[in-house]
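Keep in mind that the numbers below use all heavy atoms, side chains included, and drop hydrogens, waters and symmetry copies. What you see is a predicted model, and the numbers here were worked out from it, not measured in a lab.
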Amino acid sequence: MSLITKKGKYGRFLHNILTFIDFIILNGVYLLTCALNPSVAEWNMRIVWLLVNVAYIPSAVWFSSIHKVRTIQMDRVMVSSLRAVGVHALLFITLLYLMGIDSLPWRVFAEFYTTIVLLFLLWWTASHYVIKRYRRRDRNYCRVVIIGTGPTALRFYEEMLSDAGFGYNFHGFFDDSCPADFPYRNLYKGTLDDFEAYIVDHSIEEAYYTLSGEDEHKVRKIVRVCDSNMVDFRFVPQICRYLSRKFHLESMGQMPVMVTRNNPLDSVINSTLKRAFDIFVSGTFLLFSPLIFIPVAIAIKISSPGPVFFKQKRTGYRGKEFLCWKFRTMRVNDSADSKQATRDDPRKTKVGDFLRRTSIDELPQFINVFLGDMSVVGPRPHMLKHTEIYSGLIEKYMVRHIVKPGITGWAQVRGYRGVTEELWQMERRVEHDIWYIEHWTFFLDIKIMIRTVLNAVAGEENAY
């Protein structure tokens with residue numbers, strides 16, 4: 001269901017209006033770029049201006065896609081901005097090459113597209129906010145009904161009610177019968193035989209079908225009525241709450257298949273981008289690491305006898321074991337591979353306590369990142385003993401291993417780091433890890449890295 005199209009009297013125009021404003025912004029930035037660069041007189045301004053707009057036509061689908069998002073998510077807005085501007089830049093440069101125009105300085109390209117990205121970020125975020133505010137005042141809405149009165153219908157209706165900014169004007173439920181315990185009996189409008197007359201009389205725009213898709217007669221009947229009256233038909237599959245998450249659709253021949261575990265890093269492009277970023281960050285850090293490693297190594301050696309580095313087997317990608325590197329923060333002991341550190345752990349040295357509180361002890365894991373065992377961002381790797389214990393206690397525990405473990409992660413920046421004294425703490429950590437896996441974006445990784453640095457500077461309560 002789109003956020004903007006077909007919502008109320010003027011709804012069908014709103015998407016086009018917003019896309020047209022995108023077009024105006026694009027042209028405005030071009031004129032501004034020309035005004036700020038006196039050398040534009042050397043260009044054939046009219047031809048270049050024409051090519052700017054010709055490049056916009058095929059890339060308009062990427063520009064306008066953000067206007068169809070229901071909720072404001074800065075990660076998605078940023079990705080959409082870069083994707084739309086990237087497509088336009090590729091097309092524009094190609095057209096310039098074909099026209100034999102090669103006199104435009106690269107600095108001008110950088111100014112033009114940097115300004116475009118920043119303005120679209122502001123504009124798209126502001127337009128979403130204004131539209132949702134407008135709809136919460138019961139304006140610019142879409143008239144909808146739900147077919148069915150079962151659990152799926154109830155869940156869908158309650159989700160629809162969760163945010164008036166979605167722009168739904170709900171009219172009622174239709175089913176062959178209404179259960180006596182149905183909590184919204186006042187919204188029950190009649191049987192499936194009453195459906196057509198109602199949608200015609202009340203100008204219904206969308207119908208959501210929540211009954212079983214196995215009843216072919218009912219489905220075909222409702223689809224036929226919707227098609228005859230230009231009402232959009234939406235099929236809501238009957239899925240239990242346990243499988244309530246973001247799906248993506250695949251197919252087996254002509255049969256649709258919904259995949260319940262969404263992993264953006266299954267994409268070759270995404271995984272390549274993440275690995276390239278890991279190599280760049282870890283390689284850059286390791287290049288300058290002697291500035292940190294040498295004084296830390298000296299301090300560790302002075303504090304207690306034993307090696308500088310502590311290497312421990314941990315569970316990695318797809319359950320494979322690997323040696324995780326850390327600075328040694330404890331006196332050499334026999335329980336290092338089975339017992340987590342506590343706040344006043346007597347095994348810690350004074351130097352080790354400082355390294356843990358500042359998270360400096362984790363820095364050698366950039367070696368693991370460079371070697372490919374870990375990523376900069378991902379679920380934290382656990383000791384083998386903990387993997388064995390928690391995989392039997394927490395149902396989705398092993399799901400967190402379908403991506404590489406990380407030096408820092410979503411669970412850590414949300415407060416779930418350090419010792420897990422109670423089962424619920426590990427359950428929350430696993431929930432955050434799975435959320436990260438299913439919602440991964442490059443900008444989410446950047447966000448987690450920034451928050452990790454800020455937390456380290458401010459100090460964390462559970463860093464011990």
Side-chain angles (χ1 to χ4, degrees), residues 73-75 78-79 264-265 270-271 273-289 291-293 296 309-310 312 314-317 322 324-327 329 340-341 343 348 351-383 386 400-401 403-420 425-426 428-464:
Q73 295 177 335
M74 283 307 299
D75 290 344
M78 293 176 70
V79 170
L265 289 173
N270 290 341
S271 60
L273 174 63
K274 187 171 176 65
R275 180 58 185 150
F277 183 71
D278 286 341
I279 293 174
F280 171 76
V281 173
S282 60
T284 302
F285 174 81
L286 292 175
L287 186 64
F288 298 98
S289 62
L291 298 174
I292 300 175
F293 281 22
V296 170
F309 296 106
F310 172 67
Q312 184 182 63
R314 297 200 177 185
T315 308
Y317 180 63
F322 75 100
C324 181
W325 288 58
K326 294 183 67 175
F327 281 123
T329 59
Q340 285 183 298
R343 184 178 299 276
K348 291 189 295 184
V351 170
D353 188 57
F354 170 77
L355 296 179
R356 283 179 173 272
R357 283 189 286 106
T358 56
S359 298
I360 292 175
D361 65 315
E362 309 284 358
L363 295 182
Q365 287 166 33
F366 280 105
I367 299 173
N368 291 114
V369 174
F370 192 78
L371 294 175
D373 296 323
M374 294 177 63
S375 179
V376 176
V377 180
R380 286 291 298 157
H382 292 162
M383 294 185 290
H386 285 177
R400 65 195 302 277
H401 299 105
V403 299
K404 289 182 181 179
I407 296 176
T408 184
W410 183 239
Q412 281 63 48
V413 299
R414 299 281 290 181
Y416 295 99
R417 63 163 293 176
V419 66
T420 49
Q425 294 172 308
M426 184 60 77
R428 297 292 88 75
R429 182 182 292 185
V430 171
E431 288 175 7
H432 281 74
D433 289 338
I434 294 175
W435 185 93
Y436 166 79
I437 292 170
E438 296 182 342
H439 295 82
W440 179 90
T441 66
F442 178 73
F443 293 102
L444 178 59
D445 275 3
I446 299 297
K447 176 180 178 180
I448 292 172
M449 289 175 63
I450 293 173
R451 289 186 62 171
T452 299
V453 173
L454 294 176
N455 289 347
V457 172
E460 294 186 82
E461 181 181 354
N462 294 328
Y464 51 80

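Atom CZ of F285 is surrounded by more than 12 heavy atoms from other residues, nucleotides or ligands within 6.0 Å.
Checked by atom type and distance alone, the side chain of R314 pairs as donor or acceptor with a backbone atom of P381 at under 3.5 Å. Judged by distance alone, with hydrogens and angles left aside, the side-chain atoms of K404 form a donor-acceptor pair with the main-chain N or O of G372 at under 3.5 Å. The closest donor-acceptor contact from the side chain of R429 to the backbone of Y416 lies under 3.5 Å. The closest donor-acceptor contact from the side chain of R451 to the backbone of V413 lies under 3.5 Å. Side-chain atoms of N270 come within 3.5 Å of backbone atoms of P264 as a donor-acceptor pair (strictly under, hydrogens ignored).
Across all non-hydrogen atoms, the minimal contact from V403 to P379 is CG2-CD, 3.6 Å.
The aromatic rings of W435 and H439 sit parallel, their planes meeting at an angle under 30°, below the 60° perpendicular limit.
A heavy-atom distance below 4.5 Å is not found between the side chains of T315 and H382. Looking at heavy atoms from C-beta onward, K326 lies in side-chain contact with R356 at the 4.5 angstrom threshold. Residues D445 and Y436 form a side-chain contact, since some pair of their non-hydrogen atoms from C-beta on lies under 4.5 Å apart. Within the 4.5 Å cutoff, side-chain heavy atoms of L286 are placed close to those of I367. Counting heavy atoms from C-beta on, the side chains of F366 and V281 come closer than 4.5 Å. The closest side-chain heavy-atom distance from T408 to I448 is below 4.5 Å. The shortest side-chain heavy-atom distance between M383 and Q312 falls under the 4.5 Å cut-off. Between F310 and T329 there is no side-chain heavy-atom pair separated by less than 4.5 Å.
Considering CG of L265 and OG1 of T441, their distance stands at 10.0 Å, rounded to 0.5 Å. S271 contributes atom OG, which lies 9.0 Å from atom CG of L273 (distance to the nearest 0.5 angstrom). Rounded to the nearest 0.5 angstrom, I450 CD1 and F443 CZ are separated by 11.0 Å. In this structure, the separation between CD on Q412 and CD1 on I407 is 11.5 Å, given to the nearest 0.5 Å. From W325, atom CH2 reaches atom CG of L363 across 14.0 Å, with rounding to the nearest 0.5 Å. Atoms NE2 and CG, on H401 and D433 in that order, are 8.5 Å from each other to the nearest 0.5 Å.
Partners of F370 under the ring pair (Phe, Tyr, Trp, His ring centres under 6.0 Å) rule, at least two apart in sequence or in another chain, do not exist in this structure. Remark: Y317 engages no residue in a ring pair (Phe, Tyr, Trp, His ring centres under 6.0 Å) (not counting sequence neighbours).
The ring of F309 has its center closer than 6.0 angstrom to the ring center of F327.
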Item to complete: Before giving the answer on side chain to side chain contact (heavy atoms under 4.5 Å, CB included), spell out for S282 and M374 the whole-Å C-alpha distance, their side-chain angles and the decisive distance to 0.1 Å.
Response: CA-CA 10 Å; S282 60; M374 294 177 63; over 6 Å; no
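Identified under the side-chain hydrogen bond (donor to acceptor under 3.5 Å, both in side chains) test for residues 366-381, with sequence neighbours left out: K274-S375, D278-S375, E362-R380, Q365-R380.
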